[in-house]
Amino acid sequence: MSIQSHLKVGLLGSGEVAQALAVGFLKHGHRIMLGTRDPAKLADWKSQQSGAEVGSFAEAARFGEMAVLAVKGPVAIDAVRLAGAENLAGKAVMDATNPIADEPPKNGVLPFFTNYNESLMERLQREFPSTHFVKAFNSVGSGLMVNPELKGGPPTMFYCGNDEAAKAQVRAIIEQFGWEPADMGKAESARALEPLCILWCLPGFLNNDWNRAFKVLR
Ligand SMILES: NC(=O)c1ccc[n+]([C@@H]2O[C@H](COP(=O)([O-])OP(=O)(O)OC[C@H]3O[C@@H](n4cnc5c(N)ncnc54)[C@H](OP(=O)(O)O)[C@@H]3O)[C@@H](O)[C@H]2O)c1
């Protein structure tokens with residue numbers, strides 16, 4: 001599937017992930033609105049990004065033909081509630097969140113508030129059944145999300161979700177952002193994808209080595 005040009009994307013979140021992906025969408029000719037509880041704090045950022053719009057979570061959700069979820073894991077459900085389930089009904093939501101608990105890492109290992117048999121994305125999908133969540137961009141740092149230049153070539157982006165049309169839309173974004181897409185199946189697969197963030201962060205916390213991404217070889 002080639003990606004629709006001038007897609008309107010509502011990003012739920014204002015942190016480094018939302019900002020990095022927003023800049024990527026703008027670079028590729030799409031329109032974006034960042035959603036936050038406090039639009040005023042993004043005035044400087046907005047003034048530096050030609051074409052960027054900033055609004056509330058609900059305004060960003062309404063604006064987007066699709067959305068990106070990029071908020072702290074423990075408040076992901078609250079943020080979607082603020083965005084309004086009705087504003088996201090039938091839309092793809094590219095979910096970059098991870099269920100990282102508030103405690104600090106132990107020997108570099110991030111703590112999760114979920115367990116091996118349940119992912120954050122499944123909780124979101126259960127809570128908001130009319131929205132099509134697709135896990136992606138959760139297992140790499142924000143600095144490498146858009147068109148990463150790594151010696152080993154394009155890295156692999158794992159993604160999963162229940163709705164095939166939503167997955168096709170996210171797959172096209174993954175390709176446009178310079179990654180090899182790897183379809184890992186339905187929502188339950190987020191149980192495997194979310195912990196990849198623990199693995200990805202380990203060399204960072206242990207050796208300050210953050211400039212890496214996963215690649216599947218055959
Ligand atoms: N940082 C990375 O490199 C990276 C890489 C991959 C995945 N991730 C995941 O991506 C997500 C975003 O990470 P991040 O580092 O960009 O930002 P973050 O600091 O984890 O989250 C910031 C966002 O969370 C929102 N938020 C905080 N408390 C809230 C509440 N009570 N209700 C509603 N929203 C609330 C903030 O909203 P306001 O704008 O209203 O303050 C802000 O938009 C996380 O789940 C993280 O695990 C991060």
Side-chain angles (χ1 to χ4, degrees), residues 1-4 7 9 11 13 15-30 66 68-70 73 92-100 105-112 114 116 119-122 124 132-218:
M1 177 184 174
S2 65
I3 192 164
Q4 181 192 333
L7 190 63
V9 184
L11 293 108
E16 53 184 81
V17 173
Q19 292 189 14
L21 292 172
V23 170
F25 283 114
L26 288 169
K27 170 182 145 180
H28 288 290
H30 305 295
M66 67 165 290
V68 171
L69 182 60
V93 174
M94 191 167 92
D95 171 23
T97 62
N98 284 310
I100 300 172
K106 191 172 177 193
N107 290 329
V109 178
L110 284 166
F112 268 22
T114 47
Y116 293 118
S119 60
L120 176 56
M121 194 178 78
E122 288 170 273
L124 287 159
H132 307 309
F133 292 92
V134 182
K135 189 103 238 163
F137 290 98
N138 69 301
S139 57
V140 69
S142 58
L144 289 169
M145 287 181 176
V146 181
N147 303 105
E149 290 186 12
L150 296 165
K151 277 189 199 148
T156 305
M157 181 57 71
F158 302 103
Y159 66 103
C160 68
N162 286 343
D163 186 83
E164 292 305 320
K167 278 167 66 174
Q169 203 167 23
V170 169
R171 181 186 179 96
I173 292 162
I174 290 171
E175 287 173 337
Q176 189 167 51
F177 284 11
W179 294 74
E180 277 173 8
D183 182 352
M184 291 291 114
K186 301 286 185 192
E188 290 77 8
S189 304
R191 297 174 199 178
L193 268 57
E194 289 173 357
L196 288 178
C197 98
I198 301 178
L199 184 62
W200 186 82
C201 285
L202 263 170
F205 288 129
L206 297 178
N207 305 315
N208 200 24
D209 173 9
W210 298 100
N211 198 39
R212 295 165 287 98
F214 296 122
K215 186 169 180 68
V216 172
L217 301 174
R218 289 190 176 77

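All residue numbers refer to positions in the sequence shown, counting from 1. For clarity, every value in this text was computed on a predicted model and none was experimentally measured.
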Item to check | Check: Phe177 ring centre within less than 6.0 Å of Phe25 ring centre | outcome: yes
Item to check | Shortest non-hydrogen contact between Val170 and Ala136, atoms and distance | outcome: CG1-CB, 3.9 Å
Checklist entry - Where is the tightest heavy-atom contact between Gly13 and Ala18, given as atom of each residue plus distance? => result O-CB, 3.1 Å
Next on the checklist: Donor-acceptor pair, distance only, cut-off 3.5 Å: does the side chain of Asn138 make one with the backbone of Leu193?
Outcome noted: yes
Checklist entry - If you take all heavy atoms of Leu124 and Leu69, which pair is closest and at what distance? => result CD1-CD2, 3.7 Å
Item to check | Val216 backbone acceptor or donor facing Thr156 side chain under 3.5 Å | outcome: yes
Next on the checklist: Donor-acceptor pair, distance only, cut-off 3.5 Å: does the side chain of Lys135 make one with the backbone of Arg191?
Outcome noted: no
Item to check | Exam field: side chain Ser189 to backbone Met184, donor-acceptor pair closer than 3.5 Å | outcome: yes
Checklist entry - Strictly under 6.0 Å, is that where the ring centroids of Trp210 and Phe205 end up? => result yes
Item to check | Test: Arg171 and Glu180 ion pair at under 4.0 Å | outcome: no
Item to check | Expected output: side-chain Glu194 to main-chain Met121 donor-acceptor under 3.5 Å | outcome: yes
Checklist entry - Below 4.5 Å, heavy atoms only, C-beta onward: do Pro155 and Trp179 meet side chain to side chain? => result yes
Checklist entry - Donor-acceptor pair, Asn147 side chain versus Gln176 backbone, under 3.5 Å? => result yes
